[in-house]
Amino acid sequence: MDKKILIITGDMIGLSKEQIDYPDIEILKFPVIVNDKEYRESNEYTAQWLNEKYLKEKVVAKSSSIVKGELIEIVEKNKDKYDLIIHVFMSSVMSAATFAIAKNVMEMYENTIPIINIDSRQVMAGIGNVLLGVIDVIKKNDNMDDIVKLSQEVVQNTFSYYVMADLNYLYRGGRIGKAKALMGSVLHIIPIIGLMGDDEEGQFVPLGKGRTFKQVNSQIIDLIKAKMAEKQVTSIKSLNIVGFGDNNDAFFDFEEKLKTIPCDDFILGKADLVGAVHCGPKSYTVAITI
Amino acid sequence: MMQTENRTAVIRERIENIYKYLHRHKEYINRLNVFPVPDGDTGLNMTLTLQGALANMHNYEEESISTGEYLKNFAEQMLLNSRGCSGVILSLYCQGISQVIENNDFSKDNIFRALENGYKNAYEGTENPKEGTMLTLMREFKEKYGEIMKEDDDPSIIIKKCIPYLKEVLKKTPDMLPVLKQAGVVDSGGAGFLIILQGINRELNFNGSSLNSLPVSIIININKNIKKFLNGNFANFNKNSIADLLPSIDVEKLHNLRLRNIIEDVKHFINNLQSNGSRLLNKKAIINDLEDMKNSWNPEIKFKYCTEFVLETDKISSKEQIKKIIDGYGDSLIILSSGDKYKVHIHTNKPESVFKDVSKYGELIFTKVDDMKKQHRNLISDDTIDYEREKSVFCIVSGKGFAEILKKLGTDDVFCYGKNKPSVERIVKELNRLRTKNIIVAADDKDILMALKYAASLSKSNVNIVESNNVISLISMMMNISKELDITNTLESIMNSLDDIRFCGIARAVRDAVTEDGKKVNKNDFFTVYNGKIILSDKNIETLIINTIKKLIKEESLISLYKGIPARKEENLIPKLKKTFPDFEFEEYYGGQYQYNYYITFE
């Protein structure tokens, strides 16, 4: 890689900064609103902090799009130090505002520095997987067209699965999509929803449901194996598993089951504050790139 | 000859008397139940089958039809109105008999042939026919009849002489079916059959009359032959079989208005052709009408037979091998494997060839073939359907609570039939009401399965029947269904998941019984049924539930109680159960089932 490339992304990637093997990265923090007060993720305000508030205080939390001024500030600060900026952001269907801001900033700087916007079609750990895939791409390629093409392949080959203990958290955030079909059951069910990189609609789809966490864990393993068979691969390039707490047995069972799937890079990711807003306690997720 | 109105009135009166005789014995038949719960409804189902058929015979009573034809129509109505396995098997038997005596030959030989055909029709129409059931009595009846007819000429005498022998056969049914022996009862269907026979014996008085109507089999061919004729060049009109056939068709006797109109059009067309060669009526329009009539009910089915088999083999090691062997025979192929057994589902026009090919590799331990078209029925239907949906998952359940649960789990359509099982006709109405091209249907009771299959053959949709036999398997099915899948993959997913949830039922004994290990269950005690066997009992329902959980729980972590109508007012047991079993999660729901206080599931 001869070009100097800066990567910008948000802080909803299911990864800590230490888990990203790339020095030139800027992470924007999404605003999180809890009972009408704004917070940003910090050592104090974490996913665990929000979960406790959810459980004890029954708070209502939301997240909003990245702040345009903050994105401009990062570009402005780095425009002369880099040859190219790549912005990896959350699914444009999930946050049209983030997409619009990214597009607007790219156009603002089109005569100053080239910016490639990559719509990950994902949220949370799924964005993290796309980010890691894009880093692999730029480590081996300089050409912008190649980077765009190969990054798009990463997006299309990234799939994320979510075990949501309570879909209401996602529903309140307005991001439930087709997964709404799984709400309102008389039986207590644990839904499995997913974001499929090869689905251009880019919204959550219902993938299954179970009555116990062990059942849904096994179902996700089957879904991943089916996806691998469909894509004719015998091994996963990277897998990132993130738990949002308060459900250790189920998460451990999930982790053990996932370890039975051949994988080049198995990552135990980080639960971030924004993810916790939409998942709620006891939820967990896995993203794979194949 | 008897005046027509008088004749049909007499036949009707006799059938009504037989029905009343059966009705009087209904409760006795109902009580012959394998489990000591009051859900025995064989007597009710047989009675309702006759009742429904009688109620629908008014249309035929003003027509000048023969006795044979009246009985044939009655048998058809029985099939339409049949409920439960017993109702369907009885209807099939009557249908087989009526196919032979349609010719109004009531001689002892022809009646023997009718009894043979009735048995054959019922036996072949029954899945997994077993000894010790109504079928055994039907077979023994025709054999005894054959024996006695060598000495007697009067069929009514022969039938009368068969009855004592059949009573003995009925008494032996517990020796043929262990489940009857354990319950200490004779077969309820067999008992019902014998009561009908006694009713017939009371009423029997034969009356010969000539055949003057058009058999349904000819109606089926009319469509085909007319089309063939119209597609020809008319050069050899007089040599064409249609030339002979058409004048003999009395259109007034065709109940199907569409076919009647078409035949009248064809007659006009031929008249014009013979008189001046002009073709005033549009030949193409008539052909289109015929095509439309043939195709309207079920245009999608390419392969006629829904075929299933289980192959036990040590020569095949993968599903792919089986796929290679039979893939060319049809579509909708589903293959499931477990050890050296392969369960296969395929839609094909050559089920026998499929069986022949796969049997080279091992032993066929189960086969099943369902006719998906049943053209002889659908061709005589007037209805057409405008599909509004591509696919529907449709559940037929008894309990209101379960109906609600299934709806919320994503079932597209639910028919809650309440206490009495639905007739074939009712199921057909429900299926057609959906206006859906492809329907996946499952019922909560195996006793509905046969009626469902006949209803499916009469429906205008492509109906895929899931062979479920309890409501918990419907929940299991809905937990695993994905709306994104196509019909074949959805069916595969259902077949894989039907038995995923282990469960048992808790009910109160209405008579003394015994558990599988020989312990006595007193009347009014509660008992647990698991995998079709009584495994435990107790005077106290809480104690029984606790003991049941202790006995049945394995690796599961979630125990759910589905409360039925008998337990509707009982207190919530969950707090007590949580105290006894602190390591497990408990949930309670209202199922609304009629006989079982609780269903308990282990997940």
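Chain letters run A, B, ... following the sequence lines, proteins first and then strands; every chain starts at 1. In what follows, every heavy atom counts, from backbone to side chain, and hydrogens, waters and symmetry copies are set aside.
- For the atom pair CE (B/Met479) and CG (A/Leu187), the distance works out to 7.0 Å, reported to the nearest 0.5 Å.
- The neighbour count for A/Lys214 NZ, taken as heavy atoms of other residues, nucleotides or ligands under 6.0 Å away, does not exceed 12.
- Atom CD1 of residue A/Ile189 and atom CG of residue B/Leu409 lie 6.0 Å apart, to the nearest 0.5 angstrom.
- Residue contact with chain A, scored on non-hydrogen atoms closer than 4.5 Å, involves the side chain of B/Ile475 exclusively.
- Heavy-atom contacts from other residues, nucleotides or ligands closer than 6.0 Å to NZ of A/Lys259 number more than 12.
- Side-chain polar atoms of B/Thr601 and A/Arg211 form no donor-acceptor pair below 3.5 angstrom.
- Taking a 6.0 Å sphere around NZ of B/Lys400, one finds it holds 12 or fewer heavy atoms contributed by other residues, nucleotides or ligands.
- If you measure heavy-atom distances from B/Asn480 to chain A, the contacts under 4.5 Å come from the side chain alone.
- In this structure, B/Glu587 CD and A/His188 NE2 are separated by 6.0 Å, a value rounded to the nearest 0.5 Å.
- Annotation for A/Phe252: atom CZ does not count as buried by contact number, only 12 or fewer foreign heavy atoms lying within 6.0 Å.
- Evaluation of the side chain to side chain donor-acceptor pair (under 3.5 Å) rule for B/Ser398 yields no partner, not counting sequence neighbours.
- With rounding to the nearest 0.5 angstrom, the CD1 atom of B/Ile501 is 7.0 Å from the CD atom of A/Gln215.
- Within a 6.0 Å sphere centred on CD of A/Gln48, other residues, nucleotides and ligands contribute 12 heavy atoms or fewer.
- Within the structure, no pair that satisfies the salt bridge (charged side-chain N to carboxylate O under 4.0 Å, His left out) test touches residues 544-554 of chain B, not counting sequence neighbours.
- Applying the ring-ring contact (aromatic ring centres under 6.0 Å, His included) test to pairs two or more places apart or on separate chains, those with a residue in residues 575-595 of chain B are B/Tyr562-B/Tyr589.
- The interface of residues 216-251 of chain A with chain B, defined by heavy-atom distances below 4.5 Å, comprises A/Gln219.
- Side chain of A/Lys209 to main chain of B/Met478: a donor-acceptor pair is present (N/O by atom type, distance under 3.5 Å, no hydrogens or angles).
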